[in-house]
2 protein chains.
Amino acid sequence: MARSPTNSDAFAAIAEPRRRELLGALARGDGERDVSWLVADLGWPQPQVSKHLAVLRQVGLVTVARSGKRRMYSLNGLKLREVHDWVKTYERFWDHQLRRIKERAERVERRGREATDTDRQH
Amino acid sequence: MARSPTNSDAFAAIAEPRRRELLGALARGDGERDVSWLVADLGWPQPQVSKHLAVLRQVGLVTVARSGKRRMYSLNGLKLREVHDWVKTYERFWDHQLRRIKERAERVERRGREATDTDRQH
DNA sequence: TTGACATATTCCTATATCGTGATATGTTTC
DNA sequence: GAAACATATCACGATATAGGAATATGTCAA
């Protein structure tokens, strides 16, 4: 079997760095812009932008609305929230880690001071 | 060019559903377990577990420590936090969306009540 | 209708998977 | 040092990309 398709879910879709860039561009544009604006902003070939937008649309990370010959793409925050909610369940692991690192830094600093004091006494 | 390698960063690594499962198993095990425990917990073939762990290690999502013939794998929360921080910058987009949905729901409900009242008057 | 513009789709190729099964490496114990 | 155990790695096959170039589709304006 091969890799999971990029359009299988939001996680697979945002694995591609350029698609994260694309979401960033949409965010800069207040979350709602047409393709031409994105092409100008990113400086990529237009077909590439359209293709990446298609993947983002298939997983629901963006939505489209026709407006004359333009197509307005909008960020779908709720889909991004699914990613957020998943990763947030691991919050305690970086909290713990930060606490451990901080405590160790304090220990080291304390020891460092003591060592310096000892040196001074010589 | 092909897809970005799975070991290029945390986003690529967690695109694979089984690697998210694997992280979940580690979390169930207090964030630190050996391979045998993971194999038993997940019910996958051992080589598959080892290979997915290798990818997670390459991107820094887990760390290893030898302990006799065992190898203890630990979650690296700080790496998951990078994903969290990225997605969190989009928070305003789901906040906005939720507010809009809520407001629309209230409008619809209000209109619904008015329509019912009108019907009653007939 | 024709042309100009905006966007999507198709064809191509190189590449990096993922799962499976077999095997290699490394460690402990007797 | 041989056996038992824990873990990693290799070889292989099917597959789904991502980018580039060319082209198709759709819409407005004169």
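Every chain is numbered from 1 and lettered A, B, ... according to where its sequence line falls, protein lines coming before strand lines. Computed from a predicted structure; not experimentally measured.
B:Y90 contributes no side-chain N or O that, together with a main-chain N or O of A:R81, makes up a donor-acceptor pair within less than 3.5 Å. At least one donor-acceptor pair closer than 3.5 Å links the side chain of A:N76 to the backbone N or O of A:G60. Between the side chain of B:R20 and the backbone N or O of B:I14 there is at least one donor-acceptor pair closer than 3.5 Å. In terms of modelled atom types and a separation under 3.5 Å, the side chain of B:R33 and the main chain of B:L38 share no donor-acceptor contact. Without hydrogens or angle criteria, B:R71 side chain to B:V64 main chain gives no donor-acceptor distance under 3.5 Å.
Atom CZ of B:R33 and atom P of D:dA6 are 16 Å apart (whole Å). As a whole-Å value, the separation of B:H52 NE2 from C:dT17 P is 12 Å. Remark: P of C:dT17 and CG of B:L56 are 13 Å apart, rounded to the nearest angstrom.
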Nucleotides 1-8 of chain C: which of its N/O atoms have a protein N/O under 3.5 Å away?
unit_1: C:dA6; atom_1: O3'; unit_2: A:K69; atom_2: O; d: 3.4
unit_1: C:dT7; atom_1: OP1; unit_2: A:V35; atom_2: N; d: 3.4
unit_1: C:dT7; atom_1: OP1; unit_2: A:R71; atom_2: N; d: 3.3
unit_1: C:dT7; atom_1: OP2; unit_2: A:S36; atom_2: N; d: 2.7
unit_1: C:dT7; atom_1: OP2; unit_2: A:S36; atom_2: OG; d: 2.0
unit_1: C:dA8; atom_1: OP1; unit_2: A:Y73; atom_2: OH; d: 2.4
unit_1: C:dA8; atom_1: OP2; unit_2: A:S50; atom_2: OG; d: 2.6
unit_1: C:dA8; atom_1: N7; unit_2: A:Q46; atom_2: NE2; d: 2.7
unit_1: C:dA8; atom_1: N6; unit_2: A:Q46; atom_2: OE1; d: 3.3

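For the atom pair B:L78 CG and B:D85 CG, the distance stands at 10.0 Å (nearest 0.5 Å).
Mapping A:G68 and A:E16 onto DNA chain D by nearest heavy atom places A:E16 closer to the 5' end of the strand. Where A:A2 and A:A54 each meet DNA chain C at their nearest nucleotide, the meeting point lying more 5' is that of A:A54.
Between D:dG13 and C:dT13, the two P atoms lie 22 Å apart (nearest whole Å).
Across D:dG19, C:dG19, D:dA18, the shortest atom-to-atom separation from the side chain of A:T6 is found for D:dA18.
The residue A:R66 sits apart from the nucleic acid: no heavy atom pair falls under 4.0 Å.
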